[in-house]
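Bear in mind that the values here come from a model prediction, so they are computed numbers and not experimental data.
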Amino acid sequence: MAHPRILVFSGSARTGSHNARLASLVGQRLGENGAEVSSISLRDFPMPLYDGDLENSEGVPENAVALKRLIQQHHGVFIASPEYNAGVTPLLKNVIDWISRVSEPSEPRMAAYKGRVFALGSASTSPFGGIRGLANLRLVLETGVGALVIPEMIAVPNAADAFDPSGGLANERAAASLSAMIRALIAEASLRMSKAA
Ligand SMILES: Cc1cc2nc3c(=O)[nH]c(=O)nc-3n(C[C@H](O)[C@H](O)[C@H](O)COP(=O)(O)O)c2cc1C
């Protein structure tokens, strides 16, 4: 049986990142539920801050092209990202912006964001779980670059105490949201896989 391929990463590359932990938990759960999971760190795809003059003189960074092509090898993408001042982390926004500038012959604009499904999560040390950052990230992906983002999301509040010793979520409500998001992402990614076949 074929398995939908899902790429998982965190919008924070910080050592000890709660969002990297959430991404890892989601990756594990996706794998247990039949997906073929690739987990990456944005630390391994360094890019300069977007600068139109730099783009004109040197083009799009190689890592933006590499990450764009990697995304295209997947039917689904899960991003766990912190909320920074109610918005998206500069690291993640910069990556989204650079990838939106990659244009390859015979491909529509924003090709990396089409033909696959995105799901979002956030872990925050605050009691609100980064929900405003999630809304902002959804706006960027849906309205900015035309991606399909499933409604199911996972917000993990009080992240420093949210993970139990086995790596799962101690909070029952967050654990239920996680299961619902995993089911929906696998179902939608499987649909994209059958369409591509
Ligand atoms: C610049 C900055 C802005 C932040 N703004 C928010 C915020 O608006 N809402 C929130 O819940 N947490 C905010 N935080 C706290 C982060 O959610 C917290 O540091 C979180 O652990 C970062 O994610 P990470 O552990 O994956 O690196 C902010 C942190 C930083 C560094």
Colleague: Is the closest side-chain heavy-atom distance between Pro48 and Pro61 below 4.5 Å?
Modeller: yes
Colleague: Answer yes or no: is there a side-chain heavy-atom contact under 4.5 Å between Val26 and Met181?
Modeller: yes
Colleague: Any side chain to side chain donor-acceptor pair (under 3.5 Å) pairs touching residues 166-177, not counting sequence neighbours?
Modeller: Asp164-Ser166
Colleague: Using 0.5 Å steps for rounding, measure from the CG atom of Leu7 to the CD atom of Gln73.
Modeller: 9.5 Å
Colleague: Backbone N or O of Val149 within a donor-acceptor pair of the Arg138 side chain at under 3.5 Å?
Modeller: yes
Colleague: Does Leu178 share a hydrophobic cluster with Val8, counting links as ILVMFWY side-chain heavy atoms below 4.5 Å and allowing steps through other members?
Modeller: yes
Colleague: Decide whether Leu137 and Leu148 are clustered together by the hydrophobic rule: side chain heavy atoms of Ile, Leu, Val, Met, Phe, Trp, Tyr closer than 4.5 Å, transitively.
Modeller: no
Colleague: Taking the side chain as everything from C-beta on, heavy atoms only, tell me whether Leu169 gets closer than 4.5 Å to Phe163.
Modeller: yes
Colleague: Under 4.5 Å between side-chain heavy atoms, counting indirect links through other Ile/Leu/Val/Met/Phe/Trp/Tyr residues: same cluster for Ile154 and Val37 or not?
Modeller: yes
Colleague: I'd like to know if Ile131 and Leu22 are part of one continuous hydrophobic network [Ile/Leu/Val/Met/Phe/Trp/Tyr, side-chain heavy atoms within less than 4.5 Å].
Modeller: no
Colleague: Please walk me through it: do Leu92 and Val140 pass side-chain contact (heavy atoms from CB on, under 4.5 Å)?
Modeller: CA-CA 11 Å; Leu92 179 58; Val140 169; over 6 Å; no
Colleague: Rounded to the nearest 0.5 Å, how far apart are CD of Glu107 and NZ of Lys68?
Modeller: 3.5 Å
Colleague: Hey, does the side chain of Arg116 reach the backbone of His74 with a donor-acceptor pair shorter than 3.5 angstrom?
Modeller: yes
Colleague: How many angstroms lie between atom CG of Leu25 and atom CG of Leu30, to the nearest 0.5 angstrom?
Modeller: 9.5 Å
Colleague: For the residue pair Ser124 and Gly129, what are the closest heavy atoms and their distance?
Modeller: CB-C, 3.6 Å
Colleague: Applying ring pair (Phe, Tyr, Trp, His ring centres under 6.0 Å), can you list everything that pairs with Tyr50, at least two apart in sequence or on another chain?
Modeller: Trp98
Colleague: Looking only at non-hydrogen atoms, find the nearest pair between Ala184 and Ile150 and report the distance.
Modeller: CB-CD1, 3.9 Å
Colleague: Would you call Leu49 and Leu54 a side-chain contact if the rule is heavy atoms closer than 4.5 Å?
Modeller: no
Colleague: Looking at CZ of Phe9 and CD1 of Ile71, how far apart are the two atoms once the value is rounded to the nearest 0.5 Å?
Modeller: 5.5 Å
Colleague: Under a 4.5 Å side-chain heavy-atom rule over Ile, Leu, Val, Met, Phe, Trp and Tyr, are Met110 and Val88 clustered together?
Modeller: yes
Colleague: So, for Ala13 and Arg43, which heavy atoms are closest and what is the spacing to 0.1 Å?
Modeller: O-NH2, 3.1 Å
Colleague: Find the distance between NE2 (His75) and CZ (Arg5) and round it off to the nearest 0.5 Å.
Modeller: 4.5 Å
Colleague: Looking at Val117, is its backbone amide N or carbonyl O close enough to the side chain of Arg192 to form a donor-acceptor pair, meaning the two atoms are under 3.5 Å apart?
Modeller: no
Colleague: Does any N or O in the side chain of Thr89 come within less than 3.5 Å of the main-chain N or O of Pro82, such that one atom is a donor and the other an acceptor?
Modeller: no
Colleague: With distance as the sole test, does Arg109 use its side chain to make a donor-acceptor pair with the main-chain N or O of Ser100 at under 3.5 Å?
Modeller: no
Colleague: Does Glu83 reach the main-chain N or O of Arg132 with its side chain, forming a donor-acceptor pair under 3.5 Å?
Modeller: yes
Colleague: Would you confirm whether Ser122, through its side chain, and Ser81, through its main-chain N or O, come within 3.5 Å as a donor-acceptor pair?
Modeller: yes
Colleague: Using modelled atom types only, decide if a donor and an acceptor are shared between the side chain of Tyr113 and the backbone of Phe118 within a distance under 3.5 Å.
Modeller: no
Colleague: Between the side chains of Ser10 and Ser12, does any donor sit under 3.5 Å from an acceptor?
Modeller: no
Colleague: Looking at every heavy atom in both Ile6 and Val77, which two are closest together, and how far apart are they?
Modeller: CG2-N, 4.2 Å
Colleague: Under the side-chain contact (heavy atoms from CB on, under 4.5 Å) test, which residues partner Asn33, sequence neighbours left out?
Modeller: Arg29, Ile182, Ile186
Colleague: With a 4.5 Å heavy-atom cut-off, do Leu139 and Asn136 have their side chains touching?
Modeller: no
Colleague: Look at atom CD of Glu62 and say whether more than 12 heavy atoms of other residues, nucleotides or ligands are closer to it than 6.0 Å.
Modeller: no
Colleague: What are the two closest heavy atoms between Ile99 and Ala64, and how far apart are they?
Modeller: CG1-O, 3.8 Å
Colleague: Kindly indicate whether the side chain of Leu185, heavy atoms from C-beta on, has any atom under 4.5 Å from the side chain of Phe78.
Modeller: yes
Colleague: When rounded to the nearest 0.5 angstrom, what distance separates CD1 in Ile79 from CD1 in Ile96?
Modeller: 5.5 Å
Colleague: Of all heavy-atom pairs between Val145 and Leu141, which one has the smallest distance, and what is that distance?
Modeller: CG2-O, 3.3 Å
